[in-house]
Enquirer: 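What follows is a structure written as structure tokens; I'll ask about it next.
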2 protein chains.
Amino acid sequence: MVTLADVAQHAGVSASTVSYVLSGKRSISASTRARVERSIAQLGYHPNAGARALASSRSNIIALMIPLRTDMYLPVMMEIAIAVATTARGHGYDVLLLTGEEGPAAVRRIEGSALADAMILMDVELEDDRLPLLREASRPGVLIGLPADPAGLSCVDLDFEAAGALCAEHLAGLGHREIAVIGEAAAVYERHTGFAERTLNGLRERSGELGLRLLHRPCEGSYAAVAATLARVYDERPGTTAFVVQNEAATDPLLALLRQQGRAVPEDVSVMAICPDQLAAHASVPLTSVAVPAQKMGRHAVEQVVAKLEGRAADGVVLLAPELTVRESTGPRPVPVPPVSPR
Amino acid sequence: MVTLADVAQHAGVSASTVSYVLSGKRSISASTRARVERSIAQLGYHPNAGARALASSRSNIIALMIPLRTDMYLPVMMEIAIAVATTARGHGYDVLLLTGEEGPAAVRRIEGSALADAMILMDVELEDDRLPLLREASRPGVLIGLPADPAGLSCVDLDFEAAGALCAEHLAGLGHREIAVIGEAAAVYERHTGFAERTLNGLRERSGELGLRLLHRPCEGSYAAVAATLARVYDERPGTTAFVVQNEAATDPLLALLRQQGRAVPEDVSVMAICPDQLAAHASVPLTSVAVPAQKMGRHAVEQVVAKLEGRAADGVVLLAPELTVRESTGPRPVPVPPVSPR
DNA sequence: GTACTCTGTCGAAGCGCTTCGACAGTTTCT
DNA sequence: AGAAACTGTCGAAGCGCTTCGACAGAGTAC
């Protein structure tokens with residue numbers, strides 16, 4: 001194991017000089033710097049993380065807490081996690097992966113042990129147990145999601161209200177009057193993760209202004225569940241001409257079922273989704289969608305957290321503006337065919 | 001920040017005694033232990049991770065290197081990652097998340113900086129750059145996957161050859177004679193990640209023994225790609241009566257397309273998949289499948305790595321036996337309808 | 001030429017923990 | 001009763017690094 005002292009000896013300088021070369025916190029003459037850098041390279045020196053953390057009280061680690069739930073939108077979580085890890089590395093940080101399992105105790109543990117310099121929390125609920133602890137913590141934290149009370153915290157999320165509104169506008173603009181929302185599984189609403197409710201609020205409000213009739217049904221992602229929900233929708237609102245889907249797993253089954261029922265998309269019925277772009281683009285009918293920008297969210301969260309660590313950012317909520325991409329699954333409202341009058 | 005010394009003073013003992021209470025490496029009288037433990041609880045003490053790592057040269061961190069590729073089987077990766085994190089926590093370890101981006105340099109960095117005590121690598125290629133470094137490293141490593149030469153390394157993976165064989169057996173047992181394999185995207189084969197090739201080997205070998213005709217086509221997961229592949233298959237082998245799918249994303253499109261073409265599953269054509277159980281169970285036709293046991297793999301990898309850290313395990317390859325679950329998508333080979341002879 | 005300011009380097013202290021050897025006090029053996 | 005073996009606790013050293021104050025030497029100001 002190569003140590004700072006080894007490098008110092010090899011370069012013929014003192015240990016502190018090597019340290020200053022590494023950190024840049026004091027000026028070093030060009031010749032000394034070069035000599036030290038050569039020694040570092042030759043010896044293959046890497047600073048010991050523990051010693052560094054102990055001496056500087058900075059671990060250069062960011063903790064990322066992901067939900068444990070294995071039932072839901074894993075791809076989005078994974079994309080965020082990868083974006084977080086990649087961005088963090090770019091800023092010289094490593095990422096510690098925590099699962100939601102430990103709950104608030106994890107926050108305390110990280111804080112107490114100085115394992116990480118900061119935390120990023122995913123899957124935040126409206127009244128999350130971890131938030132009070134995070135507010136008191138001496139280390140910065142950033143949420144991906146939006147709790148009921150974001151005071152004293154930094155948050156990054158998609159503006160789901162605006163996303164909902166955007167959907168309503170798009171469909172209203174195409175002349176639709178009755179639309180159905182295929183939502184997340186009921187459990188998601190019960191957990192009050194917020195994003196689903198916010199989408200719904202946005203949809204409802206804008207729909208009201210635009211004179212759309214809205215029907216919302218939570219729905220599991222399985223084929224059978226989508227089939228049941230669809231049947232119910234047409235039963236309750238036969239005049240439905242457009243769907244908004246906010247459940248990644250439900251889009252494919254929905255398209256398959258509509259096709260099976262002889263309803264052409266978008267000629268007979270329009271479908272739009274709130275989901276990652278990749279998914280929308282690869283569906284059996286490329287879907288008009290509002291993107292869930294997983295990568296961007298991960299990147300923003302890290303940048304926010306790093307900014308706070310460097311003391312050049314305050315708390316605040318960042319809501320990313322939703323972007324609508326029109327693909328092939330939405331079209332004008334079909335002209336209602338007048339029933340053939342029996343003569 | 002509460003330190004060991006604070007606890008010691010509060011409990012009226014020396015620092016070393018507190019340390020021994022924590023580690024259990026020397027015997028401590030029951031009364032002292034109780035007193036110390038009460039102080040720890042009262043003060044809310046957490047050992048400083050950096051100091052601990054420095055003094056003991058063990059960080060209690062396991063590094064997990066996941067692929068950066070955002071194109072492929074993210075859910076499986078995520079499931080493994082979550083299982084790794086959960087299991088590791090159960091053994092007192094935290095997990096550091098690295099992306100494949102850094103490549104071999106990451107191995108060197110972890111080794112040099114003593115950031116982690118051990119590494120788990122995912123998405124291992126047959127001739128992986130990281131392996132030589134890992135073999136020389138002083139810290140144990142475990143691969144999830146199977147490289148060309150596993151000598152000097154520990155590996156955990158599904159026995160994909162056996163999985164392939166199992167598929168062939170199942171279909172042969174139902175009387176099928178011509179089967180088509182819808183494989184992973186061509187890029188996966190080109191990358192030589194191994195698992196796809198191994199599956200194919202298993203399928204080929206057993207098919208040969210059982211007199212099955214096999215057709216293999218790599219295929220992207222998008223709807224359009226599956227449609228093209230399917231058309232090609234029926235063009236080249238009109239007598240195909242069963243499909244084996246090894247590409248999570250392709251199953252749904254395949255089922256939808258078959259339905260669309262008026263081919264009933266399993267009456268007219270059988271479909272089986274190699275994919276996580278959850279996915280198979282929720283498809284539009286519940287799929288007979290060989291499970292990819294993501295969680296089990298993650299758990300095994302951690303247990304192996306912990307065993308090595310504790311000096312009670314050697315290198316070795318663990319191939320998990322595949323398990324076939326018969327659901328509703330496979331049935332006996334349809335009786336060929338003799339063409340109606342024109343009279 | 002004296003007084004001052006910079007610049008570049010060094011030595012030493014100390015971060016909070018683990019661990020080794022020492023040792024007082026108690027048991028057990030003979 | 002004395003030797004031998006434990007038990008339970010303590011003090012001190014040291015893990016590899018950062019950082020503070022000190023200081024020699026060079027440059028600048030008057």
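First the proteins, then the strands, lettered A, B, ... as listed; each starts at 1.
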Enquirer: Please give, in whole Å, the distance from D/dA13 C1' to B/L54 CG?
Expert: 13 Å
Enquirer: Nearest heavy-atom pair of B/P47 and B/L22: which atoms, and what distance?
Expert: CG-CD2, 4.4 Å
Enquirer: Using a 4.0 Å heavy-atom cut-off, does A/T3 contact any base of the nucleic acid, only the sugar-phosphate backbone, or nothing at all?
Expert: sugar-phosphate
Enquirer: Between B/V13 and A/P47, which is nearer to the 5' end of DNA chain D once each is assigned its nearest nucleotide?
Expert: B/V13
Enquirer: Just how far, in rounded Å, is P of D/dG16 from CG of B/L115?
Expert: 16 Å
Enquirer: Is there a side-chain contact between B/S16 and the phosphate of D/dC10, meaning an N or O under 4.0 Å from OP1 or OP2?
Expert: no
Enquirer: Under 4.0 Å between a Lys/Arg side-chain N and an Asp/Glu carboxylate O for A/D128 and A/R191?
Expert: no
Enquirer: Starting from P on D/dC17, measure out to CE on A/M1 and report it in whole angstrom.
Expert: 10 Å
Enquirer: Using atom CG of A/N60 as one end and atom P of D/dC17 as the other, report the distance to the nearest whole Å.
Expert: 14 Å
Enquirer: Classify the nucleic acid contact of A/S29 as base, sugar-phosphate or nothing, counting any heavy atom under 4.0 Å across all strands shown.
Expert: sugar-phosphate
Enquirer: Please tell me if B/R52 has a side-chain N or O lying less than 4.0 Å from either OP1 or OP2 of C/dT18.
Expert: yes
Enquirer: So what does A/I28 touch, heavy atoms closer than 4.0 Å: a base, only the sugar-phosphate, or nothing?
Expert: sugar-phosphate
Enquirer: Taking 4.0 angstrom as the limit, do B/D117 and B/R139 come out as a salt bridge?
Expert: no
Enquirer: Measure from CG on B/L43 to C1' on C/dG16 and round the result to the nearest Å.
Expert: 15 Å
Enquirer: In whole angstrom, what separates B/H46's NE2 from C/dG16's P?
Expert: 16 Å
Enquirer: Does C/dT18 have OP1 or OP2 under 4.0 Å away from a side-chain N or O of B/S56?
Expert: no
Enquirer: For a quick test of reading the model: is some side-chain N or O of B/K25 closer than 4.0 Å to OP1 or OP2 of C/dT19?
Expert: yes
Enquirer: Given D/dG16, D/dG8, C/dC10, identify the nucleotide with an atom nearest to the side chain of A/R26.
Expert: C/dC10
Enquirer: Measure from the side chain of B/T17, starting at C-beta and using heavy atoms only, and say which of D/dC17, D/dT9, C/dC17 lies closest.
Expert: D/dT9
Enquirer: Indicate, with a heavy-atom threshold strictly under 4.0 Å, whether A/T32 touches base, sugar-phosphate, or nothing.
Expert: sugar-phosphate
Enquirer: Return yes when atom CD of B/E127 has more than 12 non-hydrogen atoms of other residues, nucleotides or ligands closer than 6.0 Å, and no otherwise.
Expert: no
Enquirer: Is it true that B/S138 and B/E111 share a donor-acceptor pair across their side chains at a distance under 3.5 Å?
Expert: yes
Enquirer: Is a side-chain donor or acceptor of A/R130 paired with a backbone partner of A/P104 at a separation under 3.5 angstrom?
Expert: no
Enquirer: When you check the phosphate oxygens OP1 and OP2 of D/dG8, does a side-chain N or O of B/S27 lie under 4.0 Å from one of them?
Expert: yes
Enquirer: Might you point out which heavy atoms bring B/A118 and B/V305 nearest each other, and give the distance in Å?
Expert: CB-CG2, 3.8 Å
Enquirer: When you measure from the side-chain N and O atoms of B/S19 to the phosphate of C/dT18, is any distance below 4.0 Å, counting only OP1 and OP2?
Expert: yes
Enquirer: Do the side chain of A/R35 and the base of C/dG8 come within less than 3.5 angstrom through a donor-acceptor pair of N or O atoms?
Expert: no
Enquirer: Which whole-number value in Å describes the distance from B/Q9 CD to C/dG16 P?
Expert: 14 Å
Enquirer: Salt bridge check, A/R109 against A/E102: does any charged N sit closer than 4.0 Å to a carboxylate O?
Expert: yes
Enquirer: Between D/dC20 and A/Y20, counting only base atoms on the nucleotide and side-chain atoms on the residue, is there a donor-acceptor pair under 3.5 Å?
Expert: yes
Enquirer: B/G12 or A/L4: which one's nearest nucleotide on DNA chain D is closer to the 5' end?
Expert: B/G12
Enquirer: Please give, in whole Å, the distance from C/dT18 P to B/L22 CG?
Expert: 7 Å
Enquirer: Would you call B/R135-B/D315 a salt bridge at under 4.0 Å N-O?
Expert: no
Enquirer: Return the angle between end axes of the helix from C/dG1-D/dC30 to C/dT30-D/dA1, with five pairs used per end and rounding to 10°.
Expert: 30°
